[in-house]
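The sequence lines fix the lettering, A, B, ..., with proteins before strands; numbering per chain opens at 1.
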There are 2 protein chains.
Amino acid sequence: MTATLPQPERPEIDAIVEMILYLYTESRRLTKGMASGFGLTGPQLTILKLLESFQDLSLSTLSERIRAQNSTVTGIVDRMEREGLVRRERSKADRRVVYLRLSEKGARLAREIQVEPMEIFRSALLSLSSTDLRDLLRILTKLQRQVVARVAQDGQKKSDGGDRT
Amino acid sequence: MTATLPQPERPEIDAIVEMILYLYTESRRLTKGMASGFGLTGPQLTILKLLESFQDLSLSTLSERIRAQNSTVTGIVDRMEREGLVRRERSKADRRVVYLRLSEKGARLAREIQVEPMEIFRSALLSLSSTDLRDLLRILTKLQRQVVARVAQDGQKKSDGGDRT
DNA sequence: TCACGATGCTTCGTGTACGAAATATTCGCT
DNA sequence: AGCGAATATTTCGTACACGAAGCATCGTGA
């Protein structure tokens, strides 16, 4: 499984990992700073903008979109509801489902905020040539495929039971 | 500042942001899973391996390396100290500084754990051709430069005072 | 129909993660 | 020497973030 080739690429790999970490954490930090100007946290801004774009998001759909667990989103929505930004609405079709809606105040705030989450990262991407952009997308796609495959394998191992708690 | 060009790249940019998010969160999640097999959390594994490589890391040096605030690392180290994995040691030269050292137990555990943090991401990178690897590094470097520049600007604005709390 | 597993959400306990304020120490300057 | 700014760390309050357990509801099959 682990390659036995010599790895002259080690320093390059370390550098790449470092940069991804940098780009991610810095974007997160700046989004947070942006959000705080409106009395929001980073995740709250993200959710606010999502609810502005998509009406009728259920809590689990929202969780998937932002790659968080339901229990995490429950908490964030609690706080946003407390602030009067969103409302919970039980689905009539399936009473287990909770739909999230922006309140007037929430909708107003969403309109007022002109930036996307990860805005800095996006605007940095815009500065790349279209060739670089295409290459980046292509390579990242390959990477993602690799990771997805490994995750699938891992998930299988777990349900096969070859696993100590 | 924001370009007024037409942006046919919008979907590409969204896709790239998505992928970075995916790669980061998934790597984090798998690192965590790995760590839990040894009774550790993700950040604890990261710190354990760092302390194995570098002796005499001060708390702030460590914070910088993992891109976290001092107050965050204080907490993580508290818990690791409680578990008997690390020791705090005041520097004699500068009594404000705290150096972190692995205990016997910590060192043993570090030796036992053969993987790096973000291991999945690293191994996915290894599957790329060296051309792709070079290109990726080159493009990410450009991106990072852009983000650094924007962060520097932002930092300056703040100290210039053009800022509401 | 009615037991029962699956699904959607919440609750709870623990561990990050951050910023602001507090504390201790060092350094620069006079 | 000694005062005030700067630095290293901790403390505190709040907000994620996750997994496990709990609750309500839905769907299916006997």
Side-chain angles (χ1 to χ4, degrees), chain A residues 21 24-37 39-47 56-64 66-83 85-86 88-100 117 158 163 165, chain B residues 21 24-37 39-47 56-64 66-83 85-86 88-100 117 158 163 165:
Chain A
L21 243 58
Y24 177 84
T25 57
E26 207 57 43
S27 298
R28 207 143 139 27
R29 192 159 304 170
L30 295 198
T31 299
K32 184 176 187 171
M34 252 297 310
S36 81
L40 296 174
T41 65
Q44 286 173 9
L45 186 152
T46 303
I47 290 180
D56 292 335
L57 274 183
S58 78
L59 194 137
S60 2
T61 314
L62 181 56
S63 302
E64 279 177 34
I66 67 173
R67 298 186 188 295
Q69 300 305 120
N70 282 351
S71 51
T72 300
V73 177
T74 292
I76 302 177
V77 170
D78 280 350
R79 287 178 287 272
M80 293 179 76
E81 201 174 19
R82 196 212 300 151
E83 297 297 323
L85 299 172
V86 303
R88 279 176 162 95
E89 220 163 286
R90 283 246 172 244
S91 160
K92 297 210 192 312
D94 182 342
R95 300 182 33 71
R96 291 170 302 180
V97 176
V98 167
Y99 286 116
L100 303 173
K158 268 187 190 145
D163 184 31
T165 306
Chain B
L21 243 57
Y24 177 85
T25 58
E26 209 56 43
S27 299
R28 206 142 141 24
R29 193 158 302 172
L30 295 197
T31 300
K32 182 176 187 170
M34 253 295 312
S36 81
L40 295 174
T41 65
Q44 286 172 8
L45 187 152
T46 303
I47 289 179
D56 292 337
L57 275 182
S58 77
L59 192 136
S60 2
T61 314
L62 180 56
S63 303
E64 279 176 34
I66 66 173
R67 299 189 187 293
Q69 300 304 121
N70 282 350
S71 50
T72 300
V73 177
T74 292
I76 301 176
V77 170
D78 281 349
R79 287 178 287 272
M80 293 179 77
E81 201 174 19
R82 196 213 298 152
E83 298 296 324
L85 299 172
V86 304
R88 280 175 160 97
E89 220 163 285
R90 283 250 172 239
S91 160
K92 298 210 191 312
D94 182 342
R95 300 182 32 71
R96 291 169 302 181
V97 175
V98 168
Y99 286 116
L100 303 173
K158 269 184 188 147
D163 185 33
T165 309

Task: Rounded distance in Å - CG (Asp94(A)) to C1' (dT7(C)) - done: 8 Å
Open item on the list: Could you work out, with salt bridge (Lys or Arg N to Asp or Glu O under 4.0 Å) as the rule, every residue matching Glu64(A), not counting sequence neighbours?
Closed with: none
- [ ] Could you tell me the separation between the CG atom of Leu85(B) and the P atom of dG15(C), rounded to a whole number of Å?
- [x] 12 Å
Open item on the list: Is the shortest side-chain heavy-atom distance between Arg90(A) and Val97(A) below 4.5 Å?
Closed with: no
Open item on the list: Using the ring-ring contact (aromatic ring centres under 6.0 Å, His included) criterion, which residues pair with Tyr99(A)? Sequence neighbours excluded.
Closed with: none
- [ ] Report the distance from atom CG of Leu85(B) to atom CG of Leu100(B), rounding to the nearest 0.5 Å.
- [x] 12.0 Å
Task: Validation row: Pro117(B), Leu45(B) side chains within 4.5 angstrom (heavy atoms) - done: yes
Open item on the list: In the structure I gave you, are the side-chain heavy atoms of Thr74(B) and Arg88(B) within less than 4.5 Å of one another anywhere?
Closed with: yes
Open item on the list: As a test of your reading of the structure, name each stem of DNA chain D as range with range, where a stem is three or more consecutive Watson-Crick or G-U pairs at under 3.5 Å.
Closed with: C:1-30 with D:1-30
- [ ] Heavy atoms under 4.0 Å is the rule here; annotate nucleotides 15-22 of chain D 5' to 3' with B where the base is hit, S where only the sugar-phosphate is, and - elsewhere.
- [x] SSBBB---
- [ ] Find the distance Asp78(A):CG to dT10(C):P and express it as a whole number of Å.
- [x] 7 Å
Open item on the list: Would you compute the distance between atom OG1 of Thr72(A) and atom CZ of Arg67(A) and round it to the nearest 0.5 angstrom?
Closed with: 14.0 Å
TODO: Please tell me if the side chains of Thr41(A) and Lys32(A) come closer than 4.5 Å, counting only heavy atoms from C-beta onward.
DONE: no
- [ ] Please determine, for the side chain of Val97(B), which listed nucleotide (dA8(D), dT25(D), dT11(C)) has the closest atom?
- [x] dA8(D)
Task: Spacing between Asn70(B) atom CG and dT10(D) atom P, to the nearest angstrom - done: 8 Å
Task: Touch class at under 4.0 angstrom, heavy-atom based, for Arg88(B) against every strand present - done: sugar-phosphate
Open item on the list: Quick check for you: to the nearest 0.5 Å, what is the distance between Leu40(A) atom CG and Thr31(A) atom OG1?
Closed with: 12.0 Å
Open item on the list: Could you tell me how far apart Ile47(B) (CD1) and dG15(C) (P) are, to the nearest whole angstrom?
Closed with: 14 Å
Open item on the list: How long is the straight-line distance from CD of Glu26(A) back to CG of Leu21(A), given to the nearest 0.5 Å?
Closed with: 11.5 Å
Open item on the list: Whole angstroms only, please: what is the CG-P distance between Leu59(A) and dT11(C)?
Closed with: 12 Å
Open item on the list: Please enumerate all residues that pass salt bridge (Lys or Arg N to Asp or Glu O under 4.0 Å) together with Arg29(B), with sequence neighbours excluded.
Closed with: none
Between the protein and nucleotides 1-7 of chain D, which nitrogen or oxygen pairs come in under 3.5 angstrom?
residue : atom : partner  : partner atom : Å
dT7(D)  : O2   : Arg96(B) : NH1          : 2.8

Open item on the list: Expressed as a whole number of angstroms, how long is the span from Arg90(A):CZ to dT25(D):C1'?
Closed with: 9 Å
